[in-house]
**Student:** 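Would you mind keeping the following structure in view while I ask a few things?
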Number of protein chains: 2
Amino acid sequence: MQSFTEENYLKVIYHLSQINPNAVQTNAIAEKMATRAASVTDMIKKLAEKKLVDYIKYQGVTLTPAGETAAIRIVRKHRLWEVFLVEKLKFKWDEVHDIAEELEHINSFALIERLDDFLGFPKRDPHGDPIPNKEGIFEPSENMHLHQLGKGYTGIIIGVTEHSSPFLKHLEKLGLTIGVTLTVQEITDFDGSVELLVNSKTVNISKEVAQHILVKK
Amino acid sequence: MQSFTEENYLKVIYHLSQINPNAVQTNAIAEKMATRAASVTDMIKKLAEKKLVDYIKYQGVTLTPAGETAAIRIVRKHRLWEVFLVEKLKFKWDEVHDIAEELEHINSFALIERLDDFLGFPKRDPHGDPIPNKEGIFEPSENMHLHQLGKGYTGIIIGVTEHSSPFLKHLEKLGLTIGVTLTVQEITDFDGSVELLVNSKTVNISKEVAQHILVKK
DNA sequence: TTATTTTTTTAGATAAATCTAAAAATAATT
DNA sequence: AATTATTTTTAGATTTATCTAAAAAAATAA
Ligand SMILES: [Mn+2]
Ligand SMILES: [Mn+2]
Ligand SMILES: [Mn+2]
Ligand SMILES: [Mn+2]
């Protein structure tokens, strides 16, 4: 078993290696964990000792298969708890992250399997992120960022790649929530902002916002 | 805020001072926490520093009002989570304690209030223990141990004062679960064992078992 | 290729929670 | 009241996860 701290490191390394498939840098981990590079080096050595990461000095880390399994288990728990909080306890999608950040460390196999059952085996969390099954397998899906959808195309919002409360509240105000259908009317050359048609109304969003919305055609 | 460890100490001190209203002894805490007396002394000093306990060297500890409030908050969380695990996730009453022991430390006021709402504001946990309300108030109730009920009297099981899995499984096998009506037919002089009538069948239990069942007339 | 900047690691400290062994205080027995 | 037994505390270590400051390596720029 891992400590909470070790689990948080594993999850951060996992997420960073999703974004960039190369070895994960010490500094990148330090920033995500809001800690110091020296602390990261200490912890990496410990995780390497436990065979959860492969580590070469000055060359960053990658998860071993055991490390990835552990990381995915935590991601699974985090996302299932988020579904519980939104679906059952009626939290808003911008309120659940911090609580799930604690709940993900509760250590009981039976608990998470029963929770999954209770929730009806959901495939995505409230932010559209996929939930791996018991074996750690993600359902394949073809998403793209709204920014890349192209003028004239219609898509359905299936997720977001930014989870901060201000961003999520902003989307909600604009009516851009999961499952909503939209059409790209215009992409401005000047600043990359995007004009959308949503429920027969025109909505303008910045390039930055568009880059954090996932859609499928 | 308190650490998990501090919270566990506060809860143990609270429970011990319920059983015996005098100051709680260092050794009693050490036994319950499965730790050493020296460690308890260290932690007591820290809790006294934080004004959560009153402490006189060699004279044991008592909770301050702030300490009691903190302890009751943890008890509330523990018991509400147990209700969730049994009522919603279909765990057995002997399986929930260890999981609740972790969940009780999740730190979110909104979470516990919404959970309480979701569960329909239960008044007792799966073992019959009372759940304090948001303000820390317990509903008054007049229980007695089955052992003290007296020959010929009829009562309803409302709780247990022993939470180990073997004990709870034993009760279940005997049909002695919460809400069941029973009549005392005989109390044996020799060993204090009790003969009960439960659902028109005779059930014999030892004195030790009878001492851990709470009933009301 | 040399110099500069950035990244990463080491060395050494600190704080929290624990432990063992020994000393001190209190309680119980002669 | 003196002795013995029990309980509790102190002293000093250990383990885990941090940190700062300085050294070392790697990457970038001149
Ligand atoms: Mn976490
Ligand atoms: Mn999420
Ligand atoms: Mn606990
Ligand atoms: Mn209980």
Side-chain angles (χ1 to χ4, degrees), chain A residues 1-14 16-17 19-63 67 70-71 74 101-102 104-105 107, chain B residues 1-14 16-17 19-63 67 70-71 74 101-102 104-105 107:
Chain A
M1 254 319 91
Q2 292 95 39
S3 70
F4 283 24
T5 312
E6 288 167 336
E7 289 191 346
N8 284 334
Y9 271 94
L10 287 173
K11 206 179 58 161
V12 162
I13 295 167
Y14 174 77
L16 288 171
S17 56
I19 299 167
N20 181 332
N22 305 323
V24 177
Q25 295 192 105
T26 303
N27 261 356
I29 298 169
E31 198 193 336
K32 279 268 180 186
M33 297 283 301
T35 187
R36 298 302 182 148
S39 307
V40 174
T41 302
D42 289 342
M43 181 55 78
I44 283 172
K45 283 178 179 168
K46 191 176 163 194
L47 294 174
E49 194 69 39
K50 292 189 174 190
K51 311 270 187 216
L52 294 166
V53 298
D54 288 318
Y55 169 55
I56 308 167
K57 260 193 195 181
Y58 293 103
Q59 304 300 305
V61 282
T62 52
L63 292 172
I74 303 157
E101 203 60 44
E102 295 192 41
E104 72 189 0
H105 302 291
N107 182 14
Chain B
M1 257 316 95
Q2 291 97 38
S3 70
F4 284 23
T5 310
E6 288 168 332
E7 289 190 346
N8 285 332
Y9 271 95
L10 287 174
K11 204 179 60 160
V12 162
I13 296 167
Y14 174 76
L16 289 172
S17 55
I19 299 167
N20 180 331
N22 307 322
V24 177
Q25 294 193 108
T26 304
N27 262 356
I29 298 169
E31 198 193 337
K32 279 267 181 192
M33 297 283 301
T35 187
R36 299 301 181 149
S39 306
V40 173
T41 303
D42 288 343
M43 181 55 78
I44 283 172
K45 282 179 180 167
K46 192 177 163 195
L47 293 174
E49 193 69 38
K50 291 188 172 190
K51 311 267 186 219
L52 294 166
V53 298
D54 287 320
Y55 170 55
I56 307 167
K57 258 193 196 181
Y58 293 100
Q59 303 301 306
V61 281
T62 52
L63 292 171
I74 302 156
E101 204 59 43
E102 295 193 40
E104 71 189 0
H105 303 290
N107 183 15

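Residue numbers begin at 1 in each chain, while the letters A, B, ... track the order of the sequences.
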**Student:** Can you tell me how far P of D/dT8 sits from NZ of B/Lys45, to the nearest Å?
**Tutor:** 14 Å
**Student:** If you measure from CD1 on A/Ile74 to NZ on A/Lys11, what distance do you get to the nearest 0.5 Å?
**Tutor:** 7.5 Å
**Student:** Between B/Thr41 and D/dT10, is there a contact of a side-chain N or O with OP1 or OP2 at under 4.0 Å?
**Tutor:**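 No, outside the criterion.
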**Student:** How many Å lie between CG on B/Asn27 and P on D/dT8, as a whole number?
**Tutor:**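 About 5 Å, once rounded to whole Å.
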**Student:** For A/Tyr58 and D/dA25, give me the distance from atom OH to atom P, rounded to whole Å.
**Tutor:** 6 Å
**Student:** Do any side-chain atoms of residues 50-59 of chain B form donor-acceptor pairs under 3.5 angstrom with protein atoms, and if so which ones, sequence neighbours left out?
**Tutor:**
residue	atom	partner	partner atom	Å
B/Lys50	NZ	B/Glu6	OE1	3.1
B/Lys50	NZ	B/Glu6	OE2	2.9

**Student:** Nearest whole Å is fine: how far is C/dT7 C1' from A/Leu16 CG?
**Tutor:**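 To the nearest whole Å, that distance equals 16 Å.
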**Student:** Under 4.0 Å from OP1 or OP2 of C/dT18: is there any side-chain N or O of B/Arg36 that close?
**Tutor:**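 No, because none of the side-chain N or O atoms of B/Arg36 sits under 4.0 Å from OP1 or OP2 of C/dT18.
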**Student:** Could you check A/Ala38 against A/Glu6 and say which one's nearest nucleotide on DNA chain D is further toward the 5' end?
**Tutor:** A/Glu6
**Student:** Locate the shortest heavy-atom distance separating B/Ala71 from B/Leu63; write the atom from each residue and the value.
**Tutor:** CB-CD1, 4.2 Å
**Student:** Holding to side chain to side chain donor-acceptor pair (under 3.5 Å), I want the full list of residues that pass it with B/Gln25, two or more places apart in sequence or in another chain.
**Tutor:** none
**Student:** Closer to the 5' end of DNA chain D via nearest nucleotide, is it A/Gln59 or A/Met33?
**Tutor:** A/Met33
**Student:** Heavy atoms only, 4.0 Å cut-off, all strands: where does A/Thr26 land among base, sugar-phosphate and nothing?
**Tutor:**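 Sugar-phosphate contact only - A/Thr26 comes under 4.0 Å of backbone atoms but never of a base.
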**Student:** Rounded to whole Å, how long is the line connecting atom OH of A/Tyr55 with atom C1' of C/dT10?
**Tutor:**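 To the nearest whole Å, that distance equals 10 Å.
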**Student:** Figure out the CE/C1' separation between A/Met43 and D/dT18, and round it to whole Å.
**Tutor:**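 Rounded to whole Å, this separation is 10 Å.
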**Student:** With a non-hydrogen cut-off below 4.0 angstrom, is A/Phe4 in contact with a base, only sugar-phosphate, or nothing?
**Tutor:** nothing
**Student:** Side chain of B/Lys57 only, please: which of C/dC19, D/dT9, C/dT7 is the nearest?
**Tutor:**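 Closest nucleotide among those given: D/dT9.
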**Student:** What is the pairing partner of D/dA1, taking Watson-Crick or G-U wobble pairs with both distances under 3.5 Å in any strand?
**Tutor:**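 Checking every strand shown, D/dA1 finds its partner in C/dT30, with both distances under 3.5 Å.
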**Student:** Which part of the nucleic acid does B/Thr5 contact within heavy-atom distance under 4.0 Å: base, sugar-phosphate only, or nothing?
**Tutor:**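 Sugar-phosphate: the residue B/Thr5, judged by heavy atoms under 4.0 Å, touches backbone atoms but no base.
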**Student:** Within this structure, what is the CD1-to-P distance between B/Ile44 and C/dT18, rounded to whole angstrom?
**Tutor:**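 My rounded result for the distance is 12 Å.
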**Student:** Side chain of A/Gln25, heavy atoms from C-beta onward: which of C/dC19, D/dC19, C/dT8 has the nearest atom to it?
**Tutor:** C/dT8
**Student:** Any idea how B/Phe4 and B/His105 line up, ring-wise: parallel (<30°), tilted (30 to 60°), or perpendicular (>60°)?
**Tutor:**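 If you compare the ring of B/Phe4 with that of B/His105, the planes turn out parallel.
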**Student:** Using a cut-off of less than 4.0 Å, is there contact between a side-chain N or O of B/Ser39 and OP1 or OP2 of C/dC19?
**Tutor:** yes
**Student:** Once you round it to whole Å, what is the distance between C1' of D/dA11 and CG of B/Asp42?
**Tutor:** 11 Å
